[in-house]
Amino acid sequence: MAERPDRNLALELARVTEAAALSAARLVGRGDKNAADRAAVDAMRHMLDTIEMDGTVIIGEGEKDDAPMLHNGERIGTGTPPVVDIAVDPLEGTTLTAHGQPNALAVIALAEQGTMFDPGPAMYMEKLATDQEAAHAIDIERPLEDNLRDVAQAKGKRVGELTVVILDRPRHAEAMRTIREAGARIRLISDGDVAGAIAAARPESPIDLLYGIGGTPEGVLAAAAIRCLGGQICGRLWARDDAELAAIREFGHDPEGVLTRTDLVRGSDVFFAATGVTDGDFLQGVRYHRGGATTESMVMRSRSGTVRIIQSRHNREKLAQYTGERYFASMAAPTPLS
């Protein structure tokens, strides 16, 4: 008899990212990124307590943003198997949310215990990411223009037909000059390079490549998504100063070493879920309607390679029965016209 399918945790995690997105979306465009982040963290932590798992946060929120929950090393879930590593970003794109800009997400990833890369003091890394078609063509140790040429060849395009997504930061001025001189196009983003990496890895996306120096925690989350999508991410740790470089080495990391998707997330069964907070390149943001709201989520599992887009309709009154208005606190009933 064939083995029965086991739990797809990504489907359960969709409820977690939906809760974070619904909570953060109440603050879209209101100019307070910290309040939006706190709302997402609170909602995500609340829902994670309901998932049957014994999880340890490897990529967390608390230490980076002084949040009281979801910090590195925190145990979450009901405490029953499976035993897993967890990476979270309850609100990827806090500034995007505060300004009402696109591509803000609530994100979570899981893998077997002991398989997620722990960045330690390495806050930043240089990254390249692309889809399965060009996965063999990227190499962070080679010049950027060579990567552009080889990605174009792998995709059957001219370099001038490539689109590269890159964070809009002064540290990328030279890279942007190189990309433009090679003839490729650039899409600048202000924040959110997990969304950028996913866009680069999706075969139907107009984005061909992500490049730049961004957060190492975000690199681990992106690697989890790419393990499911089948693309590639490669990178090197990047120190801001000599003290940080020394700390990275003392922690046991090689700052010159190349990290690929299987170095960042080694597990054979990786789960990933993301829900849109604001409208973006591949997910619709939270939209309110009479009596509730709708969300759109992407859920993926590496073992099956299945990618699902889930559209959910949330009833305010029914959801409030067991959340205490946690996610719809600002959605008061409309005042009748006088």
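Atoms considered below: every heavy atom in the structure, side chains included; atoms not considered: hydrogens, waters and symmetry mates.
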> Are R75 and D54 ion-paired here, with the side-chain N under 4.0 Å from a carboxylate O?
yes

> Should T295 and Q311 count as side-chain neighbours, where that means a heavy-atom distance under 4.5 Å?
no

> When you look at CZ of R142, are more than 12 heavy atoms from neighbouring residues, nucleotides or ligands closer to it than 6.0 Å?
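Yes.
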
> Taking C-beta and beyond as the side chain, do L209 and I138 meet within less than 4.5 Å on heavy atoms?
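In contact.
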
> Please step through side-chain contact (heavy atoms from CB on, under 4.5 Å) for the pair I248 and W238, ending with a clear verdict.
CA-CA 9 Å; I248 290 170; W238 187 81; over 6 Å; no

> With rounding to the nearest 0.5 Å, note down the distance linking CG in L48 to CD in E74.
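So the CG of L48 and the CD of E74 are separated by 9.0 Å.
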
> Look at R249 together with D254 and state whether they make a salt bridge at an N to O cut-off of under 4.0 Å.
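Looking at D254 together with R249, the answer is no, because their closest N to O distance does not fall below 4.0 Å.
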
> Quick one: does any side-chain atom of R227 pair with a main-chain N or O of G267 as donor and acceptor, under 3.5 Å?
yes

> Compare every heavy atom of S297 with every heavy atom of T275, then report the nearest pair and how far apart it is.
OG1-OG, 2.6 Å

> Could you walk me through whether E12 and L9 satisfy the side-chain contact (heavy atoms from CB on, under 4.5 Å) test, starting with their C-alpha distance in whole Å, then the side-chain angles of each, then the deciding distance to 0.1 Å, before giving a yes or no?
CA-CA 5 Å; E12 299 177 48; L9 286 168; 3.9 Å; yes

> On a heavy-atom basis, which atom in H253 and which in D118 lie closest, and how many Å separate them?
NE2-O, 2.7 Å

> Between A247 and P121, what is the shortest heavy-atom contact and its length?
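The answer is O-CG, 3.5 Å.
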
> Find out whether Y211 and K127 are in side-chain contact, i.e. whether some heavy atom of one side chain is under 4.5 Å from a heavy atom of the other.
no

> Donor-acceptor pair, distance only, cut-off 3.5 Å: does the side chain of T216 make one with the backbone of P119?
no

> Distance from E218 atom CD to E92 atom CD, nearest 0.5 Å?
6.0 Å

> Mind listing the closest non-hydrogen atom pair of G214 and D193 along with its distance?
CA-OD2, 3.6 Å

> Would you call L264 and I233 a side-chain contact if the rule is heavy atoms closer than 4.5 Å?
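The answer is yes; the side chains approach within 4.5 Å.
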
> Quick one: does D49's side chain get under 4.5 Å of T78's, heavy atoms only?
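No, side chains not in contact.
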
> If you look at every heavy atom in A274 and L283, which pair is closest and at what distance?
O-CD1, 3.6 Å

> To the nearest 0.5 Å, what is the distance between CD (E161) and CZ (R158)?
5.5 Å

> Taking T115 for the side chain and R266 for the main chain, is one N or O donor matched with an acceptor at less than 3.5 Å?
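Between the backbone of R266 and the side chain of T115 there is no qualifying donor-acceptor contact (under 3.5 Å).
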
> Is it true that R185 and T163 share a donor-acceptor pair across their side chains at a distance under 3.5 Å?
yes

> Take atom CG in D242; do more than 12 heavy atoms of anything else shown fall under 6.0 Å from it?
no

> Between atom CG of D263 and atom CZ of F117, what is the distance when rounded to the nearest 0.5 Å?
8.5 Å

> Without swapping roles, check the side chain of E296 against the backbone of G285 for a donor-acceptor pair under 3.5 Å.
no

> Is it the case that atom CD in E133 sees more than 12 heavy atoms from other parts of the structure closer than 6.0 Å?
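More than 12 heavy atoms, drawn from other residues, nucleotides or ligands, come within 6.0 Å of this atom.
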
> Answer whether the closest heavy-atom distance between the side chains of D208 and K157 falls below 4.5 Å.
yes

> Between T294 and H314, does the side-chain hydrogen bond (donor to acceptor under 3.5 Å, both in side chains) criterion hold? Intermediate values first, please.
CA-CA 6 Å; T294 58; H314 306 272; over 6 Å; no

> Between D168 and L188 (side chain of the first, backbone of the second, donor and acceptor by atom type, cut-off under 3.5 Å), is there such a pair?
no

> Please determine whether the number of non-hydrogen atoms from other residues, nucleotides or ligands lying under 6.0 Å from atom CZ of R171 exceeds 12.
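Enclosed.
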
> Before accepting this row, confirm whether a basic side-chain N of the pair R15/E18 lies closer than 4.0 Å to the acidic partner's carboxylate O.
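Looking at E18 together with R15, the answer is no, because their closest N to O distance does not fall below 4.0 Å.
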
> Scan side-chain atoms only and decide if S268 and E112 contain a donor-acceptor pair under the 3.5 Å cut-off.
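The answer is yes; a qualifying pair exists.
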
> Is there a donor-acceptor pair under 3.5 Å between the side chain of T278 and the backbone N or O of A104?
yes

> Determine the minimum heavy-atom distance between A224 and A109, stating which atoms define it.
CB-CB, 3.5 Å

> Would M47 end up clustered with I86 when hydrophobic side chains under 4.5 Å apart are linked, directly or stepwise?
yes

> Set out, in order, the CA-CA distance, both residues' side-chain angles and the distance that settles side-chain contact (heavy atoms from CB on, under 4.5 Å) for L259 and L237, then state yes or no.
CA-CA 8 Å; L259 299 166; L237 301 179; 3.9 Å; yes

> I would like to know whether R187 and D281 meet salt bridge (charged side-chain N to carboxylate O under 4.0 Å, His left out); could you show each step before the answer?
CA-CA 12 Å; R187 180 185 293 187; D281 290 329; 3.0 Å; yes

> Count the heavy atoms of every other residue, nucleotide or ligand shown that sit under 6.0 Å from CD of Q153, and state whether that count exceeds 12.
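Result for CD/Q153: open.
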
> Any chance you could measure L105, atom CG, to L221, atom CG, to the nearest 0.5 Å?
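Reported value, rounded in 0.5 Å steps: 10.5 Å.
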
> Please lay out, stage by stage, how L144 and I179 fare under the test side-chain contact (heavy atoms from CB on, under 4.5 Å).
CA-CA 8 Å; L144 184 53; I179 293 167; 3.7 Å; yes

